S.K.: 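I am attaching a structure below and will ask some questions about it afterwards.
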2 protein chains.
Amino acid sequence: MKGITRPPTNLQTLAAQLKALAEPKRLMILHLLMEGVQCNCELGDALKLPPNLISHHLRMLREAGLINVERDAVDARWVYYSINRAALDELNTAFGSFFDPDRIKPRRPTCGPQSSVVRVSDIAVTA
Amino acid sequence: MKGITRPPTNLQTLAAQLKALAEPKRLMILHLLMEGVQCNCELGDALKLPPNLISHHLRMLREAGLINVERDAVDARWVYYSINRAALDELNTAFGSFFDPDRIKPRRPTCGPQSSVVRVSDIAVTA
DNA sequence: AAAATAGTTCAATCTGCATTGAATTATATT
DNA sequence: AATATAATTCAATGCAGATTGAACTATTTT
């Protein structure tokens with residue numbers, strides 16, 4: 001009888017990133033960033049949200065390490081956000097490892113009325 | 001020049017499921033369920049949490065459609081939770097589609113000082 | 001120098017939800 | 001019938017974060 005295996009991913013880190021993603025407007029921002037839209041004003045137009053709120057959501061995504069920031073070389077008033085490709089790859093890997101359906105194991109009856117019942121699969125065949 | 005493509009997934013639904021997942025203790029519960037641990041008491045022992053709090057987290061996961069509930073046929077006091085395999089498959093598909101790195105497109109300069117600059121790639125070669 | 005532009009930061013409010021402890025339900029045991 | 005067991009529900013508390021409006025910073029334009 002095998003023990004419990006450690007989760008394949010750091011749960012604190014995964015939960016923190018998922019928290020940043022678990023917001024409809026932020027998902028929409030990420031979608032727009034993937035589509036090539038990248039400045040605060042356009043995001044605000046698309047989502048019908050004021051610029052300060054866009055800034056807030058962008059900050060959440062940035063602090064989760066999911067996006068990059070860059071200032072325009074010609075006119076430094078403009079700020080461009082973009083997907084952090086490496087972070088996205090890591091996220092996909094972590095998510096895929098954790099929620100891999102192949103990890104699902106059958107119930108281990110160490111609890112409840114059946115916990116003391118001897119299972120056929122546990123009886124050693126000796127002769 | 002192409003327009004913005006619709007996201008490949010229902011953002012409301014994905015966000016709701018991610019919100020259910022974005023909690024370290026719930027991730028740990030899901031991990032334990034995958035490992036075959038399935039009753040409130042054992043989850044509570046493993047996470048050092050009181051049973052009512054385990055119930056709360058299980059309810060969140062259940063309302064997100066991620067887990068199944070079943071009562072013991074012999075002693076109905078015991079309740080067994082398990083991973084909803086179909087929901088997990090759908091989640092993986094939705095997540096993978098949304099966060100597919102291949103979806104990332106180059107910046108579309110419809111904003112900022114470069115928005116009026118004619119790009120070489122936009123000049124039609126006529127002869 | 002003054003005004004305009006793009007964006008961020010700050011303070012206040014409101015809401016959702018994790019947590020806690022007590023009460024309750026349902027079932028089984030004595 | 002009374003008690004024990006497994007779990008859920010309920011009420012109250014505290015905190016994190018979404019939202020709002022105003023103030024502020026940095027840069028460019030006039």
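Note that the coordinates shown come from a computational prediction; the quantities given were computed from them, not determined experimentally. Reminder, nothing fancy here: chain letters follow the sequence lines and each chain counts from 1.
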S.K.: Given C:dT5, C:dT8, C:dT27, which nucleotide is nearest the side-chain atoms of A:Val79?
M.R.: C:dT8
S.K.: Tell me which nucleotide among D:dA26, D:dA6, C:dT8 gets nearest to the side chain of A:Asn40.
M.R.: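 Taking heavy atoms from C-beta onward, the closest nucleotide is C:dT8.
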S.K.: Check this one for me: any side-chain N or O of A:Arg59 less than 4.0 Å away from OP1 or OP2 of C:dT9?
M.R.: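 Checking A:Arg59 against C:dT9: at least one side-chain N or O falls below 4.0 Å of OP1 or OP2.
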S.K.: Let me know the distance between CE of B:Met60 and C1' of C:dT19, rounded to the nearest Å.
M.R.: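 The distance from CE of B:Met60 to C1' of C:dT19 comes to 12 Å, rounded to the nearest Å.
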S.K.: So which nucleotide from D:dT8, D:dG21, D:dT27 ends up closest to the side chain of B:Ser55?
M.R.: D:dT8
S.K.: From C-beta outward on B:Arg77, which listed nucleotide comes closest to its side chain: C:dT19, C:dT27, D:dT19?
M.R.: C:dT27
S.K.: If you check the A:Lys25 side chain, which of C:dT5, D:dT19, C:dG7 turns out closest?
M.R.: D:dT19
S.K.: Using whole Å, what does the distance between atom P of nucleotide D:dA6 and atom CG of B:Asp72 come to?
M.R.: 12 Å
S.K.: Counting any heavy atom closer than 4.0 Å, what does B:Arg71 reach on the DNA or RNA strands: base, sugar-phosphate only, or nothing?
M.R.: nothing
S.K.: For the salt bridge (charged side-chain N to carboxylate O under 4.0 Å, His left out) test, which of A:Arg107, A:Arg6, A:Lys105 pairs with B:Glu35?
M.R.: A:Lys105
S.K.: For A:Leu53 and D:dG21, give me the distance from atom CG to atom C1', rounded to whole Å.
M.R.: 12 Å
S.K.: As a test of reading the structure: which of D:dG17, C:dC17, C:dA4 is closest to the side chain of A:Lys19, going by heavy atoms?
M.R.: D:dG17
S.K.: Please classify the nucleic acid contact of A:Tyr81 as base, sugar-phosphate, or nothing, using heavy-atom distances under 4.0 Å.
M.R.: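 Answer is sugar-phosphate: A:Tyr81 comes under 4.0 Å of backbone atoms only.
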S.K.: On DNA chain C, check which nucleotide each of B:Asp75 and B:Asn52 is closest to and give me the residue with the more 5' one.
M.R.: B:Asn52
S.K.: So A:Phe95 and B:Phe95, would you call those rings parallel, tilted or perpendicular, with 30° and 60° as cut-offs?
M.R.: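 A:Phe95 and B:Phe95: parallel rings.
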S.K.: To the nearest angstrom, how far is B:Leu49 atom CG from D:dA7 atom P?
M.R.: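 Value for this atom pair: 14 Å.
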S.K.: Go through C:dA28, D:dA6, C:dG7 for me and flag the one nearest to the A:Cys39 side chain.
M.R.: C:dG7
S.K.: Applying a 4.0 Å non-hydrogen cut-off, can you work out what A:Val74 is touching in the nucleic acid: base, sugar-phosphate, or nothing?
M.R.: sugar-phosphate
S.K.: Between B:Arg62 (CZ) and D:dA7 (C1'), how many Å, whole number?
M.R.: 12 Å
S.K.: Is A:His57 close enough to D:dT19 that one of its side-chain N or O atoms is under 4.0 Å from OP1 or OP2 there?
M.R.: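 Result: yes.
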S.K.: Whole angstroms only, please: what is the NZ-P distance between A:Lys48 and D:dT19?
M.R.: 16 Å
